[in-house]
Amino acid sequence: MRAERLALQLAGVILVCTLLAACAIPAGRIASQTASPDRVTASDEPENTRRARVRLELASAYFGRGQVVTALDQVKQAIAADPTMGPAFNLRGLIYSNLGDNALAEESFRRALTLDAGDADSMQNYGWHLCQQARFAEADALFSRALEVPRYRDAPRTLLTRGICQARSGNLELAEHTLQRAFELDAGNPAIAVNLSEVLYRRGSFERARFIMRRVNGMPDVSNAQTLWLAARIENKLGNSQAALAMGDQLAARFPESPEAGAFERRRFDD
């Protein structure tokens, strides 16, 4: 449970990080509406597409702040303005997934991919939704498709999500391989580093896990109750009781009300 909670908190927020970029106007669609050979600019944007884009930007901002119902209202207005905007259905799927409405979430992701079969963001987010439903094989197939999209720029993000899902399914060996690939592509990403370290810890590779966590906990703006507790558990497994207690004391001092501080107080290192 601890590992799943950690993965959710670190990975959940990254799933919409490219929505606004994905909402760029499809140049081919606009170009087909005008005979001008000029480059497409904002003035060429149809009014309904502009309204939908603005609503989608608002929906993304609200969703990022946790205002899920308000985000849903905005995304509904985006879809009403332009029912062909795939990224709006992608966000709609994320919102319904967040609300626990799995049927509408799946319908939304399928619609997004019907509108744009090559949309790696929708594949990524749909895969994560399926992973949360323990539909691991279907999720992995979508992650694989996303990674195969030409010039896909968010491979580390999808590899992170895929690795978390593989760990959830119990395939720690494959999860380690996937997260290691993500780490090689983006070693400065703390979410990748922590999830890789968690998997290494669960597989008994304590030295490697410690090396990574020392880097993470060396960043004050990144370290938190979970990263400090993972570091303490790693040190305990290595038999370094003094270092384990030092990490635990730091955890208790900085995050005294956290569940991890409570676990440290009870010395529940192996839970």
Side-chain angles (χ1 to χ4, degrees), residues 8 11-33 40 42 45-133 135 138-155 157-158 160-162 165:
L8 278 170
V13 296
I14 66 173
L15 300 179
V16 293
C17 66
T18 59
L19 270 173
L20 296 184
C23 297
I25 309 161
R29 190 172 71 191
I30 295 176
S32 68
Q33 297 171 357
V40 175
E45 185 177 23
E47 179 59 26
N48 69 311
T49 302
R50 187 195 67 79
R51 291 198 308 271
R53 175 178 53 78
V54 170
R55 292 295 183 182
L56 184 56
E57 289 172 354
L58 287 170
S60 299
Y62 282 123
F63 186 66
R65 292 198 295 266
Q67 297 174 255
V68 181
V69 175
T70 306
L72 179 59
D73 182 67
Q74 292 295 324
V75 85
K76 284 180 178 179
Q77 294 183 62
I79 291 170
D82 186 356
T84 69
M85 183 171 276
F89 285 95
N90 181 20
L91 179 55
R92 182 176 182 259
L94 283 171
I95 292 170
Y96 279 127
S97 182
N98 183 274
L99 292 170
D101 195 326
N102 297 327
L104 282 173
E106 186 157 355
E107 174 192 305
S108 301
F109 289 128
R110 288 183 178 275
R111 179 61 177 162
L113 288 171
T114 297
L115 290 167
D116 184 356
D119 180 14
D121 284 318
S122 293
M123 296 174 201
Q124 149 86 27
N125 294 335
Y126 188 15
W128 178 245
H129 172 73
L130 293 175
C131 180
Q132 292 176 291
Q133 311 309 309
R135 293 163 62 180
E138 294 170 83
D140 199 70
L142 281 162
F143 297 139
S144 181
R145 282 176 57 192
L147 292 166
E148 291 169 359
V149 171
R151 296 177 297 280
Y152 182 43
R153 294 176 294 180
D154 280 329
R157 178 174 63 113
T158 296
L160 167 62
T161 314
R162 189 183 200 181
C165 192

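The CG atom of D154 sits 4.5 Å away from the CZ atom of R157 when rounded to the nearest 0.5 Å. Considering CZ of F63 and CG of N98, their distance stands at 4.5 Å, rounded to 0.5 Å. With values rounded to the nearest 0.5 angstrom, S122 atom OG is found 10.0 Å from L91 atom CG. Atom CE of M85 and atom CZ of R51 lie 11.0 Å apart (nearest 0.5 Å). Taking CZ of R92 as the start and CG of D101 as the end, the distance is 9.0 Å to the nearest 0.5 Å. Once rounded to the nearest 0.5 Å, the distance linking CG of D82 with CG of N48 reads 5.0 Å.
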- Task: Evaluate the side chain to side chain contact (heavy atoms under 4.5 Å, CB included) criterion for residues Y152 and T158: first the C-alpha distance (whole Å), next the side-chain angles of each, then the deciding distance (0.1 Å), finally the verdict.
- Result: CA-CA 10 Å; Y152 182 43; T158 296; 2.7 Å; yes
- Item | side chain to side chain contact (heavy atoms under 4.5 Å, CB included) evaluation trace for L58 with Q77 | CA-CA 10 Å; L58 287 170; Q77 294 183 62; over 6 Å; no
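In terms of heavy atoms, A146 sits closest to M123 at N-SD, 3.5 Å. The minimum heavy-atom distance between I79 and F89, with the atom names listed, is CG2-CZ, 3.6 Å. Annotation for F143 and C165: closest pair CE1-CB, 3.9 Å, computed over non-hydrogen atoms. Taking both residues in full, the closest heavy atoms of P87 and L56 are given as CB-CD2, 3.8 Å, listed atom of the first, atom of the second, then distance. Residue A78 comes nearest to A88 through the heavy atom pair CB-CB, 4.4 Å, listed as atom of the first residue, atom of the second, then distance. Residues A105 and G93 approach most closely at CB-O, 3.5 Å, considering heavy atoms.
Using a 4.0 Å cut-off between charged side-chain N and carboxylate O, E107 and R110 make no salt bridge.
Looking at R135 and E106, their side chains come closer than 4.5 Å, going by heavy atoms from C-beta outward.
In this structure, F109 and Y126 have parallel ring planes: the angle between them is below the 30° cut-off, well short of the 60° mark.
For the side-chain contact (heavy atoms from CB on, under 4.5 Å) test, residues two or more places apart in sequence or in another chain that qualify with L72 are V75, K76, I95, Y96, L99.
N90 pairs in a side chain to side chain donor-acceptor pair (under 3.5 Å) with only one of the listed residues (D121, D116, N125), which is N125.
At distances below 3.5 Å, not a single donor-acceptor pair connects side-chain atoms of S144 with backbone N or O atoms of D140.
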